[in-house]
Amino acid sequence: MRKLTYAMGVSLDGYIADRAGNFDWAAPDEELHAFHNQQALQIGVNLYGRRLYETMRFWAGVNEQTSDSRVMLEWAETWKATPQVVFSTTLDAVEGNARLVSANVVEEVAALKQEDGKDLAVGGAGIAATLIEAGLVDEYGLFVNPVVVGGGTPFFPRLDQPLGLELVETRTFGSAVVYVRYRRA
């Protein structure tokens with residue numbers, strides 16, 4: 001069975017974007033970007049909602065002519081090669097290595113988890129909230145940034161009951177970002 005991971009940059013107070021929707025404070029430096037690249041190689045399918053898919057489409061245009069950063073080029077190539085499932089009822093089509101799904105998110109992801117292959121990664125708070133509430137997220141990766149934004153889009157949704165977690169890994173980067181990875185207890 002494939003594992004489903006939800007990982008994103010967060011503020012110290014637990015937000016993935018501030019009240020205005022900005023998350024520029026979470027932009028990775030070269031060391032952190034290289035770590036993201038290594039993690040991305042372990043992913044077999046990226047799961048996105050419409051907004052994050054549209055944000056991530058930037059990487060489709062990154063190539064040797066548009067960037068001289070080795071880590072950005074590596075990320076772009078990995079991102080383009082990794083299949084994406086985009087959950088949206090407002091998009092008519094998706095591009096590249098993506099497949100559009102407008103059906104039940106929980107049923108689709110439960111079926112994907114049963115398939116053979118590399119693990120799954122969900123990005124974006126909305127779709128992640130649905131999958132957390134359905135009990136489908138196996139691991140959580142928080143890249144805690146040294147900033148307090150005071151409100152915005154939370155990493156975790158409001159839950160009816162506590163979610164027991166077990167610490168699996170920690171790492172501190174030169175940029176003062178602290179990575180913590182937990183799995184469901």
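In this chain, numbering begins with 1 at the start of the sequence shown.
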With rounding to the nearest 0.5 angstrom, report the CG to NZ distance, Asp119 to Lys113. 9.5 Å

Given the rule that I, L, V, M, F, W and Y join up when any side-chain heavy atoms are under 4.5 Å apart, are Met8 and Leu167 in one cluster? yes

Note, Phe87 side chain near Leu47 side chain (heavy atom, < 4.5 Å): yes

What is the distance from atom CG of Leu52 to atom CD1 of Ile127, rounded to the nearest 0.5 Å? 9.5 Å

So, taking the atom named CG in Asn145 and the one named CG in Leu12, what distance separates them when rounded to the nearest 0.5 Å? 9.5 Å

Could you give the distance from CG (Leu91) to CZ (Arg51), rounded to the nearest 0.5 Å? 11.5 Å

Is there a donor in the side chain of Thr90 and an acceptor in the side chain of Ser88, or the other way round, less than 3.5 Å apart? yes

With side chain to side chain contact (heavy atoms under 4.5 Å, CB included) as the test, would you mind laying out the steps for Leu73 and Val62 before giving the verdict? CA-CA 7 Å; Leu73 289 170; Val62 174; 4.2 Å; yes

Do Met1 and Ile43 share a hydrophobic cluster, counting only Ile, Leu, Val, Met, Phe, Trp and Tyr and linking them when any side-chain heavy atoms are less than 4.5 Å apart? no

What about Phe23 and Tyr15, are their ring centers closer than 6.0 Å? no

Exam field: side chain Asn22 to backbone Asp24, donor-acceptor pair closer than 3.5 Å: no

Are Phe143 and Trp25 connected in a single hydrophobic cluster, I mean Ile/Leu/Val/Met/Phe/Trp/Tyr linked by side-chain heavy atoms less than 4.5 Å apart? no

Minimum heavy-atom distance Val148-Asp13, with the two atoms named: CG1-OD2, 3.3 Å

What's the separation between atom OG1 in Thr82 and atom CD in Glu77, rounded to the nearest 0.5 Å? 10.5 Å

Criterion side chain to side chain contact (heavy atoms under 4.5 Å, CB included) on Leu159 and Ile132, from CA distance to verdict: CA-CA 9 Å; Leu159 298 171; Ile132 291 168; 4.0 Å; yes

Centroid-centroid under 6.0 Å between Phe156 and Tyr140 rings: yes

Check the pair Leu4, Val122 against side chain to side chain contact (heavy atoms under 4.5 Å, CB included), reporting the backbone distance first and the verdict last. CA-CA 7 Å; Leu4 175 59; Val122 60; 4.1 Å; yes

Less than 4.5 Å apart, any side-chain heavy atom of Arg57 and any of Trp79? yes

Any side-chain to backbone donor/acceptor pair from Arg184 onto Gly135? Under 3.5 Å, distance only. yes

Heavy atoms from other residues, nucleotides or ligands near CG of Asp68 exceed 12 (cutoff 6.0 Å): no

Going through the checks in order, is the side chain to side chain contact (heavy atoms under 4.5 Å, CB included) test met by Glu95 and Tyr53? CA-CA 10 Å; Glu95 299 174 0; Tyr53 167 73; 3.9 Å; yes

Closest non-hydrogen atom pair, Val137 against Ala128: CG2-O, 4.5 Å

Just how far is it from atom OG1 of Thr170 to atom OH of Tyr182, taken to the nearest 0.5 Å? 8.5 Å

In terms of heavy-atom contacts, does CD of Glu54 have more than 12 from other residues, nucleotides or ligands at under 6.0 Å? yes

Please determine whether residues Phe173 and Val147 belong to a single hydrophobic cluster, defined as Ile, Leu, Val, Met, Phe, Trp and Tyr linked transitively by side-chain heavy-atom distances below 4.5 Å. no

If every non-hydrogen atom of His33 is compared with every non-hydrogen atom of Pro28, which pair is closest and at what distance? CD2-CG, 3.7 Å

Got Gln42 and Lys118 here, is their nearest side-chain heavy-atom distance under 4.5 Å? no

Atom of Pro157, atom of Ala129 and distance for their closest heavy-atom approach: CB-CB, 3.6 Å

Determine the minimum heavy-atom distance between Gly61 and Thr66, stating which atoms define it. O-OG1, 3.2 Å

So which atom in Lys80 and which in Trp59 form the shortest heavy-atom distance, rounded to 0.1 Å? CE-O, 3.4 Å

With distance as the sole test, does Glu31 use its side chain to make a donor-acceptor pair with the main-chain N or O of Gly174 at under 3.5 Å? yes

Do NZ/NE/NH1/NH2 and the carboxylate oxygens of Arg2 and Asp138 come within less than 4.0 Å? no

Side-chain donor or acceptor of Arg19 paired with backbone N/O of Gly150 under 3.5 Å: yes

Main-chain N/O of Asn63 paired to Ser67 side chain as donor or acceptor, under 3.5 Å: no

Test Phe155 against Tyr6 for ring pair (Phe, Tyr, Trp, His ring centres under 6.0 Å), laying out the working first. CA-CA 9 Å; Phe155 180 83; Tyr6 173 39; 4.1 Å; yes

For Gln39 and Tyr179, which I'm curious about, is there any donor-acceptor pair between the side chains at under 3.5 Å? yes

With a 4.5 Å limit on heavy-atom distance, are the side chains of Val86 and Val101 in contact? no

So, the side chain of Asp18 versus the backbone of Ala20: is there a donor-acceptor pair under 3.5 Å, distance only? yes

Can Glu169 and Arg183 be counted as an ion pair, charged N to O under 4.0 angstrom? no

Indicate if Val45 and Leu100 have the same hydrophobic cluster label, given that clusters are the connected sets of ILVMFWY residues with side-chain heavy-atom separations under 4.5 angstrom. no

Are any non-hydrogen side-chain atoms of Thr130 and Val106 less than 4.5 angstrom apart? yes

Carefully, step by step, assess Glu64 and Arg70 under the rule salt bridge (charged side-chain N to carboxylate O under 4.0 Å, His left out). CA-CA 9 Å; Glu64 291 179 0; Arg70 180 189 55 77; over 6 Å; no

Taking the side chain as every heavy atom from C-beta outward, state whether Asn46 and Val85 have any atom pair closer than 4.5 Å. no

